[in-house]
Amino acid sequence: MKIKVVCMIIVFLFSGCKENSVIKKEINNEFPYSIKFNNDSYLSYTNNVLFERHKSKDTLSNVHFIEFKNDNIDLNTKRMILPSFNKDLLELTDELIILNTRPRTQGKNRKSTDFLTKYDKNLKEVLRKDMDISKYPSGNSFIIGDDDKLFYITDGFKFREKPKLIISEIDDSFNVLNQKIIERKIGDVARCDPVQSIFIRGVGLVVISKLEYRNNSHKHKIEMFDLNSNETWSENLMDPVKHLGYSEKEKKIFIVTEKEGDEISIWDYKGNKQVADYVTNVEPISIISNDDTIFLLEKHQHEGIITKIDFSGKTINTLNIPVKLQADKENITNTLIHRQNQLYLVCLDNFKNLLTVNKIQDK
């Protein structure tokens, strides 16, 4: 299967690799959920969609809708105008919503704002709205929710005012129904930037923020909100978060943090915490989760180990799955993606060629 855009996708059950496809695209690792593939564009993976992120102007782009058929990855590619500086995408039943920032760093009006753009099922633009919140041009923003509940999350910035986290519940026309502004009261906090967020249907939302201090130190904070955007609990985190997920079945939230040996922390929806009895020995190459299971891909000498962490019981069980990685070269990357109760290992060569898509099967 040849494609012009890289597909970071993987779905798994357990060990045993079967090569399925070859895909080509020029890319470079950039940050979670995105891949930089030239100086002006990014490729982002959101649920079932691969889309380009442009930094300079609205651009006619390829949007790839991902389908899994017979253990293979198929892309249904369409062309549409995507807004510049787009940062997040939400796929609803019959609509697509894209969030982008218009940075304004020169001239009299230096207020950077976010725009939300809605597309119908034919990918025609039907609505674009300026959300009218002054924010950092480089700050993250998110659009999360479902067909019944939508939330727009961003940082708030005004000169000589306290940094803010702003959570807005919005309707189908992007009108604000309910808005909560959380000011950071610590005097030396210079900036608050949401870095990850998830929506839990029927329960609420979780936001992880990076707090930047004037002495150049950083801390992170995890906060849970109900469906009315009221905070139900929070906790300060000393270490950056690599992965945020949740188990709908177990009613738990979990994170993998960067530590000396990465640590997994688990909370129930009420904020009661459990630290997993598993700490990684080496930095994971890739992390992915599905409901009550976390998968970490680690490299041990010339072999890859996929560790399955299942916390559906009272204790954490681990199962190590050996996999073959591509040749031990500096520019070889390996990525996990979990979809439809399957796990795939994707191998990239020199940030240009997607060499293989391997299905990991249960013995």
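Keep in mind it's a predicted model, so treat the numbers as computed, not measured.
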Would you say [Y] ends up clustered with [X] if hydrophobic residues are merged whenever their side chains have heavy atoms under 4.5 Å apart, either directly or through other cluster members?
X    : Y    : answer
I181 : M131 : yes
Y246 : V241 : yes
L177 : I170 : no
I287 : I266 : yes
V195 : F157 : no

*asked:* For a side chain to side chain contact (heavy atoms under 4.5 Å, CB included) check, start with the C-alpha distance between R128 and F174, then their side-chain angles and the critical distance, and finish with the verdict.
replied: CA-CA 9 Å; R128 182 179 292 197; F174 306 147; over 6 Å; no
*Apply side chain to side chain contact (heavy atoms under 4.5 Å, CB included) to the pair I255 and L237, showing each step before the final yes or no.*
CA-CA 11 Å; I255 62 171; L237 307 170; 3.9 Å; yes
For the residue pair [X] and [Y], what are the closest heavy atoms and their distance?
X    : Y    : answer
S112 : P103 : OG-CA, 3.3 Å
P83  : I98  : CG-CG2, 3.9 Å
N228 : N178 : O-ND2, 2.7 Å
T154 : S141 : OG1-OG, 2.9 Å
G245 : S289 : CA-OG, 4.2 Å
Q179 : S168 : NE2-OG, 2.8 Å

*Just do the side chain to side chain contact (heavy atoms under 4.5 Å, CB included) check on I133 and D114 with the steps written out, would you?*
CA-CA 7 Å; I133 292 177; D114 281 337; over 6 Å; no
_What I want to check is whether the side chains of D130 and T113 have a donor and an acceptor closer together than 3.5 Å._
yes
*Taking atom types as modelled and ignoring hydrogens, do the side chains of N175 and K129 form a donor-acceptor contact shorter than 3.5 angstrom?*
yes
With side chains defined as the heavy atoms from C-beta onward, is the minimum distance between [X] and [Y] less than 4.5 Å?
X    : Y    : result
P194 : D155 : yes
F151 : I167 : yes
L96  : L89  : yes
I153 : L165 : yes
T117 : E125 : yes

*Atom NZ of K149 with >12 non-hydrogen neighbours under 6.0 angstrom*: yes
*Flag if over 12 foreign heavy atoms under 6.0 Å of CZ, R201*: no
So, taking the atom named [atom1] in [X] and the one named [atom2] in [Y], what distance separates them when rounded to the nearest 0.5 Å?
X    : Y    : atom1 : atom2 : result
E95  : D147 : CD    : CG    : 7.5 Å
D239 : H218 : CG    : NE2   : 13.5 Å
N272 : W233 : CG    : CH2   : 9.0 Å
Y269 : D226 : OH    : CG    : 14.0 Å
I208 : M224 : CD1   : CE    : 12.5 Å
I222 : Q196 : CD1   : CD    : 9.5 Å

*Check the pair K121 / D94 against salt bridge (charged side-chain N to carboxylate O under 4.0 Å, His left out), numbers first and verdict last.*
CA-CA 5 Å; K121 58 184 178 181; D94 294 314; 5.1 Å; no
*Checking side chain to side chain contact (heavy atoms under 4.5 Å, CB included) for the pair I182/F225: CA distance, chi angles, key distance, verdict?*
CA-CA 11 Å; I182 298 96; F225 302 88; 3.9 Å; yes
*Are D193 and K210 within salt-bridge range, i.e. N to O under 4.0 Å?*
no
*Hey, which of L60, N122, V63 is the one that makes side chain to side chain contact (heavy atoms under 4.5 Å, CB included) with M80?*
V63
*Could you identify which residues cluster with F115, counting Ile, Leu, Val, Met, Phe, Trp and Tyr as linked when any side-chain heavy atoms lie under 4.5 Å apart, either directly or through a chain of such contacts?*
none
*Sequence neighbours left out, what passes salt bridge (Lys or Arg N to Asp or Glu O under 4.0 Å) with E183? Give chain and number order.*
none
